[in-house]
Protein chains: 2
Amino acid sequence: MKKYLEILKKCPLFYQIEDENLLRMLGCLDAKVETFDKKYTIFAEGYPAKYIGIVLSGSVQVVQVDYYGNRSILSILNASQVFAEAFACAEVCSLPVSVVANDPCEVMLIDCSHVLHTCSNHCDFHQQLIFNLMKDMASKTIMFHQRIEVTSKRTTREKLMAYLALQAKEHDSNSFDIPFDRQELADYLEVDRSGLSAEIGKMKKEGMIETQKNHFRLL
Amino acid sequence: MKKYLEILKKCPLFYQIEDENLLRMLGCLDAKVETFDKKYTIFAEGYPAKYIGIVLSGSVQVVQVDYYGNRSILSILNASQVFAEAFACAEVCSLPVSVVANDPCEVMLIDCSHVLHTCSNHCDFHQQLIFNLMKDMASKTIMFHQRIEVTSKRTTREKLMAYLALQAKEHDSNSFDIPFDRQELADYLEVDRSGLSAEIGKMKKEGMIETQKNHFRLL
DNA sequence: CTCCTTTTGTTGAAAATTCAACAGACATTT
DNA sequence: AAATGTCTGTTGAATTTTCAACAAAAGGAG
């Protein structure tokens, strides 16, 4: 586990837990590391949620696919970020989302029953872990609200602008890469891909933005 | 506080906390009770999040209003349910939502700094509170996913059907009341009100549903 | 009961999205 | 270098939503 220490130290779950305690805790939690190819489904919709995931390298997508096959992308998570924590903590018997490898990636899996049910009174680190989990879910909720702010707009152009404005704010720059190709961006914004392409074209002509591939610049 | 005990015992924040401990804790947390008229804005978008709210009587709406005045309703919360917990816990300096009284209502407000920063190592109930807060946020995240499942549909009819199907499941019956009038339902589903009315009319004619005011029946 | 306000249903026209199909650009593999 | 597959932009037609305006219905206050 030592090779992942630098990544794990940045993980919000382990905030304010010392290195040696962190390593001991991982043993106590029976943490496992697994490797996945790009596009591999790490957790599948409909299955029970048992594990909390932590991205160690690469990135993952959290997606919802409905009855007709329409995909919604809910989030992209990079190294040291956590996924499926809410479902694991709520102990749901059917995941409402899938988690898919966005690149070849390594993931740490922690059986959530160890987090919720074991030794919760004995171990000090454990209390800190619960606290960190709560903080993490709070910030995830805020991420959700940002996404809703974007997707609640009624037109493709408004959604795109809301998204780009948010990205610009996060990158603290008018020039940035987005983590999506066109189809993925459409599935994040919940619009039609071809309509999105057309809209991007129009906005370029109107001098609102410049793009090349994943790179966007607001003007 | 005693008069609210029965409501508070059902509140997920106080799960597995004994009555006398609960009352003592409320003192320790400096909990206050306030009363609001219908439509009063309890928390306003843009202000710092300081308090966790608990509905004691009546109900509240959590809403997002964008630059152009378009309203999105995110959730309706009834007695013993919690609101603004995620923003309080994340200590955001600008609330991304407003909370509005849906009826005349009583609300308990708890300064979240008391929850997060004080006596977290001394008091046993406090550890339970943090744990409950984590559980509560996990279940809120699941509610969010349900809403996304509804609003990610592309047509008014699909959104409405997805919503009604979910309600039927929750009520365990094909016949139920919804907590919205038509405008509010439109703002929850993120569609146009007049289009929604028209769609409901069509679905009645096609024999898919029956309605009278807030009451719906799936056929 | 009557007046007044709010809510709901209806309509038609304008605007936007979706859908399917295709062609060019690009990257990768053989 | 050729072949293959994926991604992107473009188009036009069909569908759907939005918008504004109005009328009918329901509810509340006096």
Side-chain angles (χ1 to χ4, degrees), chain A residues 37-39 61 66-73 100-104 150-163 177-206 208-216, chain B residues 37-39 61 66-73 100-104 150-163 177-206 208-216:
Chain A
D37 292 334
K38 180 170 180 171
K39 296 205 177 175
Q61 294 179 349
D66 76 6
Y67 184 76
Y68 303 101
N70 302 312
R71 173 177 70 165
S72 296
I73 297 181
V100 179
N102 195 35
D103 311 303
V150 169
T151 58
S152 70
K153 296 279 184 293
R154 296 299 167 80
T155 65
T156 300
R157 173 175 297 213
E158 280 178 326
K159 289 184 185 185
L160 181 58
M161 276 312 291
Y163 174 71
D177 289 340
I178 66 172
F180 299 122
D181 64 27
R182 293 292 186 268
Q183 181 64 62
E184 290 171 330
L185 180 56
D187 290 344
Y188 181 86
L189 300 179
E190 286 167 0
V191 298
D192 181 67
R193 181 199 61 78
S194 69
L196 174 63
S197 266
E199 203 61 44
I200 290 175
K202 275 191 212 168
M203 291 168 71
K204 276 168 135 174
K205 265 189 199 155
E206 294 175 24
M208 300 174 69
I209 57 173
E210 288 173 358
T211 72
Q212 39 187 340
K213 296 187 52 175
N214 295 335
H215 192 81
F216 282 73
Chain B
D37 293 332
K38 181 169 178 169
K39 297 203 175 177
Q61 295 179 348
D66 75 6
Y67 184 76
Y68 303 101
N70 303 311
R71 173 177 70 166
S72 296
I73 296 181
V100 179
N102 194 35
D103 311 301
V150 169
T151 57
S152 69
K153 298 277 183 293
R154 298 296 168 82
T155 66
T156 300
R157 174 174 295 214
E158 282 178 324
K159 288 184 186 186
L160 181 58
M161 278 311 293
Y163 174 72
D177 289 340
I178 65 171
F180 299 121
D181 65 27
R182 293 291 185 269
Q183 181 65 61
E184 290 170 332
L185 180 56
D187 289 344
Y188 180 85
L189 299 178
E190 287 169 359
V191 298
D192 181 68
R193 181 199 60 79
S194 69
L196 174 62
S197 265
E199 202 61 44
I200 290 176
K202 276 190 211 167
M203 290 168 71
K204 276 168 135 174
K205 264 189 199 154
E206 294 175 24
M208 300 175 68
I209 59 174
E210 288 174 0
T211 72
Q212 38 186 339
K213 296 188 48 177
N214 295 334
H215 192 81
F216 283 73

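Note that these values count all heavy atoms, side chains included, but never hydrogens, waters or copies made by symmetry. Every chain is numbered from 1, with letters handed out A, B, ... down the list of sequences.
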Test: B/Lys38 and B/Asp103 ion pair at under 4.0 Å: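 The answer is no: the pair does not qualify as a salt bridge.
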Heavy-atom pair with the smallest gap, counting every atom of A/Arg157 and A/Glu199: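 For A/Arg157 and A/Glu199, the tightest heavy-atom pair comes out as NE-OE2, 2.8 Å.
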Nearest non-hydrogen partners of B/Ala186 and B/Leu196, listed with the distance: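 Here B/Ala186 and B/Leu196 meet closest at N-CD2, 3.6 Å.
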Under 4.0 angstrom between A/Thr155 side-chain N/O and C/dA16 OP1 or OP2: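 No, because none of the side-chain N or O atoms of A/Thr155 sits under 4.0 Å from OP1 or OP2 of C/dA16.
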Side-chain N,O (B/Lys213) to OP1/OP2 (D/dG27) below 4.0 Å: yes
So if I take every side-chain heavy atom of [X] and compare against [options], which nucleotide ends up nearest?
X: A/Arg182; options: D/dT17, C/dT11, D/dT8; result: D/dT8
X: A/Thr156; options: C/dT17, C/dT11, C/dT18; result: C/dT17
X: B/Asp192; options: D/dT18, C/dT11, D/dT10; result: D/dT18
X: B/Arg154; options: C/dT18, D/dC19, C/dA21; result: C/dT18
X: A/Ser197; options: D/dT8, D/dT11, D/dG27; result: D/dT8

In whole Å, what is the span from the [atom1] atom of [X] to the [atom2] atom of [N]?
X: A/Leu196; N: C/dC19; atom1: CG; atom2: P; result: 14 Å
X: B/His215; N: C/dT8; atom1: NE2; atom2: C1'; result: 18 Å
X: B/Ile200; N: D/dT16; atom1: CD1; atom2: P; result: 17 Å
X: B/Gln183; N: D/dG27; atom1: CD; atom2: C1'; result: 18 Å
X: B/Asn214; N: C/dT6; atom1: CG; atom2: C1'; result: 14 Å
X: A/Lys204; N: D/dT8; atom1: NZ; atom2: P; result: 11 Å
X: A/Lys39; N: D/dT6; atom1: NZ; atom2: P; result: 7 Å
X: A/Asn70; N: C/dC19; atom1: CG; atom2: P; result: 7 Å

Residue closer to the 5' end of DNA chain D, B/Glu190 versus B/Arg193 (nearest nucleotide): B/Glu190
Contact nearer the 5' end of DNA chain D, comparing B/Val191 with A/Thr211: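 Taking each residue's closest nucleotide, the earlier one in sequence belongs to A/Thr211.
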Distance (rounded to the nearest 0.5 Å) between A/Tyr163 OH and A/Thr151 OG1: 12.5 Å
Any donor-acceptor N/O pair, B/Lys159 side chain to B/Arg154 backbone, under 3.5 Å: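 Not at all, since once roles are kept as given, no pair shorter than 3.5 Å links the two residues.
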